[in-house]
Number of protein chains: 2
Amino acid sequence: MKFSTRTTYGLRAMIYLSKYWQKEKISIASIAKAEGISSKYLERLFAKLKKEDLIVAEKGSSGGYALARDPKEVTVFDIVKSLEGKMSPFHCVDESGKVYCGKNCKCGATLVLVKVQKAINDTLKGIKLKDISK
Amino acid sequence: MKFSTRTTYGLRAMIYLSKYWQKEKISIASIAKAEGISSKYLERLFAKLKKEDLIVAEKGSSGGYALARDPKEVTVFDIVKSLEGKMSPFHCVDESGKVYCGKNCKCGATLVLVKVQKAINDTLKGIKLKDISK
DNA sequence: ACTATATCCTACTAATTTAGTTGGTATTTT
DNA sequence: AAAATACCAACTAAATTAGTAGGATATAGT
Ligand code: FES
Ligand code: FES
């Protein structure tokens, strides 16, 4: 049971960006270099973050990325969700906690599934980007 | 971010077994059939559960499996851990919460990693097999 | 002793997901 | 015009997960 590395990459990149909040735009190349991440891969992760309006971009020479919102207001949940897609840790419980197992079974396992899901989400929602980017 | 299906399979099988706690031994074949799981696959999951002393087996005709311990005392954490292996949800934090990222970075991401890990484990440890197998 | 029914064991294959690359196009500053 | 940047789609590689094949070993009942 793991979060994929793209989540860690994404978090690191967002932390990096938050250091320049309301200061500079930062290029993917410089983040990739500083963090030791493949810049082409990071590019694709940024596409997801942008789609969820977590970052804004400016094209062209001297363009780059910047946070779209104040790090005090962005939660880690927002970031992780946009990178991981569906935030359901089990195949038969969806994001809202609704169960739709293949067998339509109402087995006790679902209790576990729902509780774990809630624990993860609550934790992620309780951490702001600001909290981790001092 | 998902638990693999083997975790759900394992939980379901353990719930099934707990219904026969101190009554009968149950064969893999019958569990597999009842739960709609590949019996050969379930066989391999049971090997893991047995290795962690969560179940006991008896060979031969009229053999089968049974819980090794009282469902009131087995936690879901025990089960999930034995099936998932390492219970670290991120690549740079181990089970004890120790960080050893490739870059040896001490970035704020680790705070997230450690908190999520703890939230999951605490949740799983707080649920007994008995609680989910009525 | 034979047979049927079990666990146990190893190695293979298939499917899926994740990670990363290639090769561009479009846009903006200098 | 040139350089630097975001943007985009398709491909490849690696890793993990899911499932299968083909047995060997042990026990109960006949
Ligand atoms: S395994 Fe999905 S509801 Fe029981
Ligand atoms: S990403 Fe592993 S410690 Fe920062």
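Not measured: the values here are computed from a predicted model.
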Starting at the 5' end of nucleotides 22-30 of chain C, put B wherever the base has a protein heavy atom under 4.0 Å, S where only the sugar-phosphate does, and a dash everywhere else. BBB--BBB-

For the side chain of B:Asp131 and the backbone of B:Lys128, is there at least one donor-acceptor N/O pair under 3.5 Å apart? yes

I'd like to know if B:Tyr20 and B:Ile28 are part of one continuous hydrophobic network [Ile/Leu/Val/Met/Phe/Trp/Tyr, side-chain heavy atoms within less than 4.5 Å]. yes

At a heavy-atom distance below 4.0 Å, what parts of residues 18-27 of chain A sit against DNA chain D? A:Ile26, A:Ser27

Assign each of A:Gly64 and A:Arg44 to its nearest nucleotide of DNA chain D by heavy atoms, then name whichever residue's nucleotide is nearer the 5' end. A:Gly64

Would you kindly give the CG-to-P distance between B:Leu45 and C:dC9, to the nearest whole Å? 15 Å

Could you measure the distance from the CD atom of B:Glu84 to the CD1 atom of B:Ile79? Nearest 0.5 Å is fine. 12.5 Å

Counting only side-chain nitrogens and oxygens, does B:Lys50 get under 4.0 Å of the OP1 or OP2 atom of C:dC8? yes

Under 4.0 angstrom between B:Tyr9 side-chain N/O and D:dA18 OP1 or OP2: no

Residue B:Ala57, side-chain heavy atoms: nucleotide from C:dC8, D:dT17, D:dC7 that is nearest: C:dC8

Judged by atom type as modelled, is there a donor-acceptor pair below 3.5 Å linking the side chain of B:Arg6 to the main-chain atoms of B:Leu83? yes

Can a donor-acceptor pair be found, under 3.5 Å and without considering hydrogens, that links the side chain of A:Asp122 to the backbone of A:Ala119? no

Here's a test of your reading of the structure: between A:Ser38 and B:Ala29, which maps to the more 5' nucleotide of DNA chain C? B:Ala29

Let me know the distance between NZ of B:Lys48 and P of C:dT10, rounded to the nearest Å. 14 Å

Any ion pair linking B:Lys125 and B:Asp78 (charged N to carboxylate O, less than 4.0 Å)? no

Between atom OH in B:Tyr41 and atom P in C:dC12, what is the gap in whole Å? 19 Å

Could you tell me whether B:Phe46 contacts a base, only the sugar-phosphate backbone, or nothing, with contacts defined as non-hydrogen atoms closer than 4.0 Å? nothing

Roughly, in whole Å, what's the span from NZ in A:Lys51 to P in D:dC7? 13 Å

State the CG-OG1 distance between A:Leu113 and B:Thr8, to the nearest 0.5 angstrom. 6.0 Å

When you measure from the side chain of A:Ser30 to the backbone of A:Ile26, do you find a donor-acceptor pair of N or O atoms at a distance under 3.5 Å? no

What is the distance from CD of B:Glu84 to C1' of D:dA18, rounded to the nearest Å? 13 Å

B:Ile15 to A:Ala109 - nearest heavy-atom pair and separation: CD1-N, 3.5 Å

A:Lys33 NZ to D:dT5 P: how many Å, rounded? 12 Å

Length of the CG-P vector between B:Leu83 and D:dT16, whole Å: 18 Å

B:Arg6 has an atom CZ; how far is it from atom C1' of D:dT16, in whole Å? 8 Å

